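Being a predicted model, the structure only gives us computed values, none of them experimental. Chain identifiers are assigned alphabetically (A, B, ...) following the order of the sequence lines, protein sequences preceding nucleic acid strands; residue numbering begins at 1 within each chain.
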There are 2 protein chains.
Amino acid sequence: MRIGELAEAAGTTTKTLRFYEDEGLLRPAHRTPAGYRDYRPEALARVDFIHRGQAAGLTLAQIRQILDIRDHGQAPCEHVRNLLDARLADLEQQITQLLELRDTITQLRDQATQVEPDTCSADQVCRYL
Amino acid sequence: MRIGELAEAAGTTTKTLRFYEDEGLLRPAHRTPAGYRDYRPEALARVDFIHRGQAAGLTLAQIRQILDIRDHGQAPCEHVRNLLDARLADLEQQITQLLELRDTITQLRDQATQVEPDTCSADQVCRYL
DNA sequence: CTGGACCTTCCAGTAAGGGGGAAGGTCAAC
DNA sequence: GTTGACCTTCCCCCTTACTGGAAGGTCCAG
């Protein structure tokens, strides 16, 4: 299959697939005599895997690590567990921070609703922030 | 005050202050005969305001909008309320997504803990993702 | 008068994940 | 034989908020 077909099947663009190849996420495809990339069906599973990894919040660099381990013939299980653990710890922290930020902004916004502009002093930028 | 003093007082760097000036967040300071920036004390309040805006999750572009309104002699109250409302709506969505992602990853991780590598089939990248 | 700590401008680069578009080759249909 | 839809490589551009470094000017102490 050509790159356009693979892109459509995977729900992405040819640009992105070439980018993945440059970044080492997809292995270089065979070429037709004309120089066109010629993908085997397994390539679709690989692109789908990349997308699932992204949906799990992994970076392309982390996904590449997993793929590299697999490409060397090993099962990346432990590495994946570690990545997921790390991602989970990050997530907890992000969520905590966002919840705090939400509280802060809610308070600021409530204050901003109650006061009228003409009571602002001119020497400050904004009394709500 | 010179840029280094302002940077220290504001808890940032001279690089960042020049960057803020380039981005239109700080107005160009007066210059000494030698060409050094010479800030008035109000500049510190402005840098602090920028930091409070960032702490509220606003982008520099949004903070610049508020400062521009203030610089034109108007009270930016309504604009600030709108920005905070928008930020709050964004936050709700971000939090929801992160909570969903946390559930997903927790499930993936639990599965990854229970299964042993040798039961993985070789034709897939990773059974957990 | 020299050394070091400042300051100036400009240029380049970072992470992440691509997008835009040029200049050119290829393939199938009409 | 010529469109039009593909494909190729190449290089630059975008976002956000800075950071690093080079080359050069200034200021103050010893």
Between which nucleotides of DNA chain C, read 5' to 3', does contact with chain A run, using atoms under 4.0 Å from its heavy atoms? C:dG17 to C:dC27
dist A:L84:CG -> B:L108:CG (nearest 0.5 Å) comes out at 6.0 Å
Please step through side chain to side chain contact (heavy atoms under 4.5 Å, CB included) for the pair A:R2 and A:T32, ending with a clear verdict. CA-CA 9 Å; A:R2 287 183 309 180; A:T32 67; 5.8 Å; no
For A:E5 and B:L60, take the nucleotide of DNA chain D holding the closest heavy atom to each; which residue's nucleotide lies nearer the 5' end? A:E5
May I ask you to check whether over 12 heavy atoms, not counting those of A:E92, lie within 6.0 Å of atom CD? yes
When rounded to whole Å, the CD1 to P distance for the pair B:I50 and D:dT16 reads 16 Å
Cluster overlap A:Y39 with A:L44, hydrophobic side-chain contacts below 4.5 Å: yes
Interatomic distance where CD1 belongs to B:I3 and C1' belongs to D:dT26 [whole Å]: 15 Å
Quick one: pull up CG in A:L88 and CZ in B:R109 and give me the separation to the nearest 0.5 Å. 8.0 Å
What nucleic acid atoms does A:E23 come within less than 4.0 Å of, heavy atoms only: base, sugar-phosphate, or nothing? nothing
Taking atom C1' of D:dC18 as reference, at what distance in whole Å does atom NE2 of B:H51 sit? 11 Å
The answer to which of A:T32 and B:R2 contacts DNA chain C further toward the 5' end, by nearest nucleotide, is B:R2
When rounded to whole Å, the NZ to P distance for the pair A:K15 and D:dC13 reads 14 Å
Atom CZ of A:F19 and atom C1' of D:dC11 are separated, to the nearest Å, by 15 Å
Do B:L6 and B:F19 share a hydrophobic cluster, counting only Ile, Leu, Val, Met, Phe, Trp and Tyr and linking them when any side-chain heavy atoms are less than 4.5 Å apart? yes
Atom CZ of B:R37 to atom C1' of D:dG25: distance rounded to whole Å? 14 Å
Just how far, in rounded Å, is C1' of D:dC6 from CG of A:L17? 15 Å
Interatomic spacing from OG1 in B:T16 to NE2 in B:H51 - rounded to 0.5 Å: 7.5 Å
List, one per line, each side-chain donor-acceptor pair under 3.5 Å for residues 54-67 of chain A, sequence neighbours excluded.
{"residue": "A:T59", "atom": "OG1", "partner": "A:A61", "partner atom": "N", "Å": "3.4"}
{"residue": "A:T59", "atom": "OG1", "partner": "A:Q62", "partner atom": "N", "Å": "3.2"}
{"residue": "A:Q62", "atom": "OE1", "partner": "A:T59", "partner atom": "N", "Å": "3.0"}
{"residue": "A:R64", "atom": "NH1", "partner": "A:E23", "partner atom": "O", "Å": "2.7"}
{"residue": "A:Q65", "atom": "OE1", "partner": "A:H79", "partner atom": "NE2", "Å": "2.9"}

Strictly below 4.0 Å: does B:T16 bring a side-chain N or O up to OP1 or OP2 of D:dA17? no
Closest-nucleotide mapping onto DNA chain D: is A:G4 or B:T12 further toward the 5' terminus? I mean the 5' end. A:G4
Using atom CG of A:D38 as one end and atom C1' of D:dC6 as the other, report the distance to the nearest whole Å. 14 Å
Any side-chain N or O of B:Q62 under 4.0 Å from OP1/OP2 of D:dA17? no
How long is the span from the CD atom in B:Q97 to the CD1 atom in B:I95, to the nearest 0.5 Å? 11.0 Å
In degrees rounded to 10°, what angle is found between the helical axes fit to the five outermost pairs at each end of the helix from C:dC1-D:dG30 to C:dC30-D:dG1? 30°
